[in-house]
There are 2 protein chains.
Amino acid sequence: MSAKTRPTAQQLSTLVKLMELGAGGSDARVSSSTLGEVLGLSQQAASKRLIELERAGLVRRTHSGRGLTVALTPPGRRAVLVHYGELKQIIEGRSRPMLFAGKVFTGLREGAYYVSLKGYAAHFRSSLGFVPFPGTLNLRLAAPSQVVQRAQLNLLRGIEVPGFEDGRRTYGPVKCFRAEVAGKLPGAILVIERTHYDDSVLEVIAPVNLREALGLKDGDGCQVSVLFD
Amino acid sequence: MSAKTRPTAQQLSTLVKLMELGAGGSDARVSSSTLGEVLGLSQQAASKRLIELERAGLVRRTHSGRGLTVALTPPGRRAVLVHYGELKQIIEGRSRPMLFAGKVFTGLREGAYYVSLKGYAAHFRSSLGFVPFPGTLNLRLAAPSQVVQRAQLNLLRGIEVPGFEDGRRTYGPVKCFRAEVAGKLPGAILVIERTHYDDSVLEVIAPVNLREALGLKDGDGCQVSVLFD
DNA sequence: ATTACTAGTGTACGAGTAG
DNA sequence: TCTACTCGTACACTAGTAA
């Protein structure tokens, strides 16, 4: 069920082929003979690989009629994205900034709640050089490539801000990436490890109230560059 | 020596690790035990993989003192880039245009020679919808990420223009990508299969003389979008 | 038509060790 | 030290075939 161990090279290449066959997002009809063909394997070997991937929690198989449908699970997709991210860094280098563009919206104020917690303040100051304004600027990313790029942030190291306890409950560690907002203001992207990601949202923090400083209201466009090292 | 057959998933992952260890560009000291460690294998298995990769023509091994240095060969680098390009297309989609920006320069007029050949004209017309002006606009790409992007074009399918003979010699097939020059003029990128690539150069062709139409001279900047569909 | 069992086989691995 | 040989084993593959 779990996916703690790194997938093997063969598992990874199988997952990639499955994505190519359309099983990346939702279910796709993938016969074991088709899969075998694209992988250069027998039908039997392809069937076995699918079973192994299911046991590793990386795909979901459903028997439907006279065939089966396959879909990557979130850990399966994550494995491919991690691989892609590593490859990208090796090939393209890690120095270029990531550019994001989205529209301002009012979120659930969950990020705002986190950054307002006293237990994080000292670490924000020492890691980022500022204590964030108690609120986040939420940007909704529209373009699919922007969402993919945002998903990469989940997998990159970033600046770790450790968690803490306040006696009542435990607050997990959060992660930041230094950023430049609207081409001028220093700030950071906040990435909270959640059970359920929404990678179409970028949460921006800064020493000041960004909405005021930039005169932004819901629906306005805003650009952010994420800077590395 | 040759590399006609596709590398296996394991060969590919080994090549990627080797690049990560610095053997992508030039030679790097890579001990078989280090390689084994990062691959989760024994020293012996890593050694065997390196030997296999050398037999496949994907790496070059040189015994030096009490160790060895390893470097990927051009086919080895190519294999990794092909893999990366495929993955990129699967994950990020193939619909987005590639943006290029470079500076105009006067090349060796090799591309100009090719497009002026009568034997290609008919195919250019049917594939691209125009017969190119007998000359190319050469752009020198400066940013490393632009060069990487340019290298991807070598590996993508593109629009094939078949080769021909004129009795004296054989002219190989060339490859094009539809493009938009300076945000307005229709044209194409010309990719000639050469023994020695220079991926920092973009050769642009169009139905008109682009230098005249855009009033460009050497050293001027010019943007080109490569379009896919 | 499918999937996936069983049996047999090739091969990639780790251990030991020589150069 | 290093690389890389041989050997024995474990496993992933193909073929055949049942459901």
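Remember, predicted model here, so these are calculated numbers, not experimental data. Lettering follows sequence order; numbering is per chain, from 1. Heavy atoms only: backbone and side chains are in, while hydrogens, waters and symmetry mates are out.
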> The test is side chain to side chain contact (heavy atoms under 4.5 Å, CB included); show your working for B/Tyr84 and A/Glu92 and say whether it passes.
CA-CA 10 Å; B/Tyr84 175 62; A/Glu92 303 203 1; 2.8 Å; yes
> For the residue pair B/Tyr120 and B/Phe164, is the inter-centroid distance of their aromatic rings smaller than 6.0 Å?
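They qualify: ring centres under 6.0 Å apart.
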> Using a strict 4.0 Å threshold on nitrogen-to-oxygen distance, state whether B/Arg49 and B/Glu52 make a salt bridge.
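Salt bridge absent between B/Arg49 and B/Glu52.
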> Whole Å only: how far is the CG atom of A/Leu41 from the C1' atom of D/dA12?
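Taking CG of A/Leu41 and C1' of D/dA12, I get 10 Å after rounding.
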> Below 3.5 Å, does any donor atom in the side chain of B/Gln44 face an acceptor in the base of C/dG16, or the other way round?
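Indeed there is one.
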> Using the rule side-chain contact (heavy atoms from CB on, under 4.5 Å), only one of B/Leu50, B/Leu21, B/Leu35 pairs with B/Val70; which is it?
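With B/Val70 as partner, B/Leu50, B/Leu21, B/Leu35 yield a single side-chain contact (heavy atoms from CB on, under 4.5 Å), made by B/Leu50.
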> Specify the separation, in whole Å, of atom CD of B/Glu54 and atom P of D/dA4.
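Distance check: B/Glu54 CD to D/dA4 P gives 8 Å.
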> Is any side-chain nitrogen or oxygen of A/Arg29 closer than 4.0 Å to OP1 or OP2 of C/dT2?
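For C/dT2, OP1/OP2 do not have a side-chain N/O of A/Arg29 under 4.0 Å.
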> What nucleic acid atoms does A/Ser47 come within less than 4.0 Å of, heavy atoms only: base, sugar-phosphate, or nothing?
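Base, at least one base atom sits under 4.0 Å.
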> Does A/Ser32 put a side-chain nitrogen or oxygen below 4.0 Å from OP1 or OP2 of C/dT3?
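Answer is yes, contact under 4.0 Å.
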> A/Glu37 has an atom CD; how far is it from atom P of D/dT14, in whole Å?
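In whole Å, D/dT14 P and A/Glu37 CD are 13 Å from each other.
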> Donor-acceptor pair, distance only, cut-off 3.5 Å: does the side chain of A/Thr34 make one with the backbone of A/Val30?
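Judged by distance alone, no pair lies under 3.5 Å.
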> Indicate whether OP1 or OP2 belonging to D/dA4 is found under 4.0 Å from a side-chain N or O atom of B/Arg61.
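Checking D/dA4 against B/Arg61, a side-chain N or O does come within under 4.0 Å of OP1 or OP2.
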> Of A/Ser33 and B/Ala46, whose closest DNA chain C nucleotide lies nearer the 5' terminus?
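Taking each residue's closest nucleotide, the earlier one in sequence belongs to A/Ser33.
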> Starting at the 5' end of DNA chain D and moving along, which residue's nearest nucleotide shows up first, A/Gln43 or A/Gly40?
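Its nearest nucleotide lies further toward 5', so the answer is A/Gly40.
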> Could you tell me whether B/Leu68 contacts a base, only the sugar-phosphate backbone, or nothing, with contacts defined as non-hydrogen atoms closer than 4.0 Å?
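The answer is sugar-phosphate, as B/Leu68 gets under 4.0 Å only of primed atoms, P, OP1 or OP2.
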> A/Arg49 has a side chain; which of D/dT3, C/dT3, D/dC13 sits nearest to it?
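Of D/dT3, C/dT3, D/dC13, D/dC13 is nearest to the side chain of A/Arg49.
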> Using whole Å, report how far CD of A/Glu52 lies from P of D/dC13.
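Rounding to the nearest Å, CD of A/Glu52 and P of D/dC13 are 10 Å apart.
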> Check the distance between C/dT3's C1' and A/Leu53's CG and give it to me in whole angstrom.
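Going from A/Leu53 (CG) to C/dT3 (C1'), I get 16 Å.
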> Select base, sugar-phosphate, or nothing to describe what A/Gln10 touches, counting heavy atoms under 4.0 Å on all strands.
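Sugar-phosphate contact only - A/Gln10 comes under 4.0 Å of backbone atoms but never of a base.
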> Specify the separation, in whole Å, of atom CD1 of A/Ile51 and atom C1' of C/dC5.
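Roughly 9 Å, once rounded to whole Å.
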> Roughly, in whole Å, what's the span from CG in A/Leu35 to P in D/dT14?
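My rounded result for the distance is 12 Å.
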